[in-house]
2 protein chains.
Amino acid sequence: MNVSALEEYGLRCAVTLAALKPDEMLSAPEIAEREGLSVEYVSKFMLHLKKAGLVTTVRGVNGGFALAKPAAEISLKEVFEALGGKRRVSDEDFCNAFAGKSDNCVHQSGCSIRPFWKILSLYIEAFTSEMTLQDMLNPERDTIVKTEKIALKNIQTMKEQLS
Amino acid sequence: MNVSALEEYGLRCAVTLAALKPDEMLSAPEIAEREGLSVEYVSKFMLHLKKAGLVTTVRGVNGGFALAKPAAEISLKEVFEALGGKRRVSDEDFCNAFAGKSDNCVHQSGCSIRPFWKILSLYIEAFTSEMTLQDMLNPERDTIVKTEKIALKNIQTMKEQLS
DNA sequence: CTAAATCAATACTTTTTTGTATGGATTTAA
DNA sequence: TTAAATCCATACAAAAAAGTATTGATTTAG
């Protein structure tokens, strides 16, 4: 399980915006400076976030980027989806991304691997859809408490699917 | 969060071996046939698994691959580690794989993203170290039951490690 | 009106991952 | 002893991801 550069850097920049005061903006050069990235690279994934409707932009002098919604209303899942990627565990069509030589995965029925990824992705989905950009600004122990709640709820969900 | 081709295909082939009767072997062409992959490609990651000590090999006519240990004693974590990858969430040095322009990540202290990945990777670690190749052969409901136990235990671990 | 600061879009280069090809070494069987 | 079947190792090619460069459009300040 790998984290892509876009996921990591894109999330970082989103969190940076989440820390702004209302009506403040940050320009690409400012974000790049804070995160130790190139301006061009920052512009690249900010564009993804913009197209997904997660950030608003203002061009020209004094322009920049800001979150389009309150940080507490933007889940990490939304951020990751905005940033793309081809073989994400959470994708519905995940299996056929690994079809080998044929058009579709050879394990059309009775696949033993699929349930494994399914369970793992279910957890990741649950976790990333409940964690918000706001959570990333809160103290770590709050995150742990929240994580515990998510995990318990997730166990419940799994049980229901089982019966 | 992406799954690499080596992880996916390598795991599949390992599971295929796990399903063999004792003293049976499968050759690379046989595995390739079953999984719909090229013989060369299969050989490639079987070599990784061999070097990690997870499979034994016999050369020559009637040779092939078999698991080096009982399937119940090989965790998915071991399999994934054998197959490599560069930006795995579970890696200790994960952060510095995303250092941007500098040698080390700019967020040396007070990073808000790190705890997030840490928690997620803790779960993945717990899950993949307890799930074995044998589990992949068992019915899905068994897996779910096992998953629940792992999750509960993991919540406990998180509480201890992170507070 | 003009210049500077900014986002927007896309093309390009480099690096990594994915997947194939090739030549060799080992074993078995005839 | 030779041929076929197999693993072993590495080199190569193609595709994707990561990261840079360039050109253009928009806004604001002076």
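Note that the structure is a prediction, hence the values are computed from the model and not measured. The basis for the numbers below is simple: all heavy atoms, side chains too, and nothing from hydrogens, waters or symmetry mates. Numbered from 1 within each chain, the chains take letters A, B, ... in sequence-line order.
Side-chain proximity of A:T57 to the nucleotides C:dG19, C:dG24, C:dC7 is greatest for C:dC7. The nucleotide whose nearest atom lies closest to any side-chain atom of A:A5 is, among C:dG19, D:dG19, D:dC8, D:dG19. Of all nucleotides listed (C:dA4, D:dA25, D:dT20), C:dA4 comes nearest to the side chain of A:V61.
Residue B:K149 qualifies as open at atom NZ: its count of foreign heavy atoms under 6.0 Å is 12 or below.
Counting to the nearest Å, the P atom of C:dA9 and the CE atom of A:M46 are 14 Å from each other. Computed from coordinates, the A:E8 CD to D:dA18 P distance equals 12 Å when rounded to whole Å. Residue A:L26 contributes atom CG, which lies 17 Å from atom P of C:dA5 at whole-angstrom precision. In this entry the distance linking CG of A:L49 with P of C:dC7 reads 13 Å, nearest Å. In this structure, A:Y9 atom OH and D:dT20 atom P are separated by 9 Å, rounded to whole Å. For the pair B:L37 CG and C:dT20 C1', the computed distance is 13 Å after rounding to whole Å. Rounded to whole angstrom, the span from the CZ atom of A:F45 across to the C1' atom of D:dT20 amounts to 13 Å. Rounded to whole angstrom, the span from the OH atom of A:Y41 across to the P atom of D:dA18 amounts to 6 Å.
When the side-chain nitrogen and oxygen atoms of A:K44 are compared with OP1 and OP2 of D:dG19, none of them lie within a distance under 4.0 Å. Here A:S43 does not reach the OP1 or OP2 of C:dA8: none of its side-chain N or O atoms lies under 4.0 Å away. Contact annotation: A:S38 side-chain N/O to D:dT20 OP1/OP2 distance is under 4.0 Å. Side-chain N/O atoms of B:S4 include none lying less than 4.0 angstrom from OP1 or OP2 on C:dT17.
Two different hydrophobic clusters hold B:L26 and B:V58 under the rule that ILVMFWY side chains link at heavy-atom gaps under 4.5 Å. The hydrophobic cluster containing B:L122 also contains A:Y123, counting ILVMFWY residues as joined when their side-chain heavy atoms lie under 4.5 angstrom apart, directly or transitively.
Both A:L6 and A:G60 lie near DNA chain D, and the one whose nearest nucleotide falls closer to the 5' end is A:L6. Comparing A:V58 and B:K51 against DNA chain D, the residue whose closest nucleotide sits nearer the 5' end is B:K51. Where B:E40 and A:N62 meet DNA chain C, the nucleotide closest to each residue was compared, and A:N62 sits on the side nearer the 5' end.
Remark: aromatic rings of A:F116 and B:F127 are close, center separation under 6.0 Å.
Interatomic distance, A:I74 CD1 to A:T132 OG1, rounded to the nearest 0.5 Å: 9.0 Å.
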